[in-house]
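So that the names make sense, note that chain A is the first sequence line, chain B the second, and so on, each numbered from 1.
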Amino acid sequence: MSNQPDLYTADSIEKKWQQRWVEAGIDVANDSDDDTRETYYCLEMFPYPSGNLHMGHVRNYCLGDAVARYKRMQGFNVLHPIGWDAFGLPAENAAIKHGRPPAEWTYANIAQMREQLKRLGLSYDWSREIATCKPEYYRWEQWMFTKLMEKGLAYRKEAEVNWCDPCHTVLANEQVVDGVCWRCDTAVKRKNLAQWFIKITDYAEELLNDLDQLKGWPDKVVGMQRNWIGKSSGAEISFQVEGSNETLDIFTTRPDTLMGVTYMAVAAGHPLAKQAAVGHPELAAFLEECSKISTKEADVETMEKKGMALDIHVIHPVTGDLVPVWVANFVLMSYGTGAVMSVPAHDARDFDFAQKYGLSIKQVITPTSGDWDIAEAAFTEAGVLINSSEFDGLPSVDAKAAVITWLEQHNKGKERVQYRLRDWLLSRQRYWGAPIPVVHCVDCGLVAVPDAQLPVILPENLQPTGGVSPLSECEAFVNTICPACGKAAKRETDTFDTFMESSWYMNRYTSARCDTAMVDAKSMQRWAPVDQYIGGVEHAVLHLLYARFYHKLMRDVGLFDGAEVGNEPFKNLLTQGMVLLDGSKMSKSKGNTVDPIDIIQKYGADTARLFTLFAAPPERDLEWSDAGVEGASRFLNRVWRLLDKVGKTYQGTAHEKLTQALRRTTHSHIQRVSHAFEQGFAFNVAIASMMELSNALGSFEACDEAGKDAFDEGLRALVTMLSPLVPHFACECGERLGFKTMAVMTPWPKVDASALVQDEISLVVQIQGKKRGEILVSPDVSQDDALKAAQADEHVAKWLEGQQIVKVILVKGRLLNLVVKPA
RNA sequence: GCGAGAGUGGCGGAAUUGGUAGACGCGCUGGAUUUAGGUUCCAGUGUCUUAUGAUGUGGGGGUUCGAGUCCCCCCUCUCGUACCA
């Protein structure tokens, strides 16, 4: 042989197999009832068609593809679809920049990214491809919206909402991160606007409870959703305003501390505060100051607690005492009722405020054991009630119930559950989105566009300019006839939040071409829910919450039966880590990107796939390494060279033991690789195991037929197990090895238990838990025999000199530990 | 502040769930092949050490015959979240 090693040619091999897979139709999910295989639905979060694949996509889709292919080899009928989250702002921004309509830009990007995905050799069922900007997709979303209007779950309301200037639109609460817009990082403003909402709050309890079903989700994501929903239980209590018929209503989680109330605090935006500010310039100025504080600036550490007395008093519901009302900058209008009862003795914040303004502090809870100096700090734990007249002596838990009962009996309050979750604001003042199917009629008001007139098609040829949505200036679109009375009317020109499209696409894939319904019930039953969903953790409380909600909405408008399909859209969730370069996230703005296409051109798709799967566990961040890519490529070439050893006989005596050992290695690696695939798709571990098998095959030299067979068996298993990860490469190897079917369609190898049996194993001998030697024994050796063998071993014997064995522990197949003491 | 997770060689990371710590890969060192570089192959590679061993999974305690793994305390980092009443 020359010293020019035989390198496999990725480029031609990959093209060849991609074509063959298409011809064989192996990636198409089978909808036929005759197919008796169990179904498996594997889904990766679909991409926004930005135009170019980045490494994050590559990682996401390689993970998903490995899962899908593995499940196919295990005999599942796999659904593995792909599509485009095609509406959204970047298309509009690009349109403004290039002077082309967003549609054109979007469709061109889709075409380009589709080709890039195909170059990676991902096993998608392209027959189900969807683009959410197409009327045949969004018409069902419009249909759904009209159903929700009918049910009273969709409504239009004027409210204080988040407004982003650069994006020129309102945002949902979930899209405001640390007070700034999730897309452009600009501080959001508060504006009063009439907007469309859907009542996700009606589903708060179910969304919270069903989190318990999501055993296959990372705890982290479940926890984030739980926090976001933010359920708290307590009481709503009414305080009569002195000299008025009005009441000041508050929410508290600590009704047991009711008797310790020494003042009330309301938000700057509270009606009572506004009322008091009339003719009171100083107070008005303070309210003005509070309203200017953006959420970003409201940093707990830095912001001083400030307030002003309102010269209003309320009457304590139990004692009848007069309680002063203050306005305070730490009370939020957007949570609860915008007012709180302040119990400085038992709330740290109220305590600070009371101290600052010299308000009185009344202790009503005492620790069950020990003392507490209430002059020092608030006692915020549960305890026993004191200074609370009829409630004295009750533990906090019982006191809560007792106070609520008292309030209910006296009609001054009631038990209440409070959620942090707000209704989903889903109208956007943008052009490139699905039109909200509503007509504004002077006589009839808001009228839903009837079924027969759907879809309301978005004109695709408009040119946005950056200001007002071109839709509102498009007369052909705006002017219409009221579906109810037939008179001239105007269309709603707001469009849906693009999270609407991504909230149900996973269900649409089950029947992507269905044109009679949003989803086909039978297909839902066959495929849904998604067995394995894979994507970034950044959608933990955005997309993943909306999609869970939407799934339940679809169920409740009767599109499928929750008992049959399930009440949750994603059974298992894998949140993959980011791809880093030099320790920080790859991003265009930082200029630290590696273009996947360059890697594919240089090494081939399989090397790119192998590296991203090998370099880190799926859920952890992956540090890009050119040297690591080289290593992945080297490994494939090593396997490639192994093919030359097939059928070769080496000089030497046939050694039955070595052949047996190779078979044992092969089957133990089949076991380990299978295990790694099953345990959270630990592809990095699986690949390491395959590398070991490859190394074992590389150093094996067959001297007889049995040896050649064992080598062949090991290599075939290796190639088969590699095929979900590096499918083109594996298929080419498989063909050279004379596989009957393509490697990617070959059944997953089975462990031959008999090959794992050993007649002699090496047993570690420990003394006082420290390794002192190794002995060769039969695997089911008795403790006595093991001890004898250990004592006979010279290394061990040295350590036993002058020692008395007091205890012997044998761990079958692993070790023998001797506990000794000086004789 | 609260919640969750993580700390293992020069680096990415393994460890059959309490049983030989550092698999596998990268990097590095030496050697072979080569005019040379690259490729490939062989050997080595936690630390200290007179080669015998000692020591070693952020630090300190504990349970155990035996701890990276379990328990308690502390430190550091990452992520999420926050005046939520």
Kindly list each side-chain donor-acceptor pair under 3.5 angstrom involving residues 796-810 of chain A, sequence neighbours excluded, with atom names and distances?
none

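For rG9(B), the base adopts the syn conformation, since its glycosidic angle falls within 90 degrees of zero. In rU63(B) the O4'-C1'-N dihedral to the base is more than 90° from 0, which defines an anti nucleotide.
Using a 3.5 Å distance cut-off with no hydrogens or angles, the side chains of Glu174(A) and Trp424(A) do not pair a donor with an acceptor. Under 3.5 Å, the side chains of Tyr8(A) and Ser633(A) contain no donor-acceptor pair of N or O atoms.
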Pairs under 3.5 Å (N/O, protein and nucleotides 60-65 of chain B):
| unit_1 | atom_1 | unit_2 | atom_2 | d |
| --- | --- | --- | --- | --- |
| rC65(B) | O2' | Asn817(A) | ND2 | 3.4 |
| rC65(B) | O2 | Asn817(A) | ND2 | 2.5 |

Under 3.5 Å, N/O pairs linking protein and nucleotides 41-48 of chain B:
none

Sort me out a list of protein N/O and nucleotides 50-58 of chain B N/O pairs below 3.5 Å, or just none if empty.
| unit_1 | atom_1 | unit_2 | atom_2 | d |
| --- | --- | --- | --- | --- |
| rG53(B) | OP1 | Lys798(A) | NZ | 3.3 |
| rA54(B) | OP1 | Arg772(A) | NH2 | 3.2 |
| rA54(B) | OP2 | Arg772(A) | NH1 | 3.3 |

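The aromatic ring centroids of Tyr603(A) and Phe611(A) lie 6.0 Å or more from each other.
In this structure, rG44(B) forms a base pair with rC28(B), meeting either the Watson-Crick or the G-U wobble geometry with both donor-acceptor distances under 3.5 Å. A 3.5 Å limit on both hydrogen-bonding distances identifies rC79(B) as the Watson-Crick or G-U partner of rG3(B).
The heavy-atom pair separating Leu258(A) from His316(A) by the smallest distance is O-NE2, 2.8 Å.
Without hydrogens or angle criteria, Lys362(A) side chain to Gly260(A) main chain gives no donor-acceptor distance under 3.5 Å.
Scanning for ring pair (Phe, Tyr, Trp, His ring centres under 6.0 Å) contacts around Trp217(A) gives an empty result, with sequence neighbours left out. Residues meeting the side chain to side chain donor-acceptor pair (under 3.5 Å) test with His346(A), sequence neighbours left out: none.
Between Arg420(A) and rA82(B) there is a side-chain polar atom (N or O) within less than 4.0 angstrom of OP1 or OP2. A sub-4.0 Å separation between OP1 or OP2 of rA14(B) and a side-chain N or O of Asn684(A) is present.
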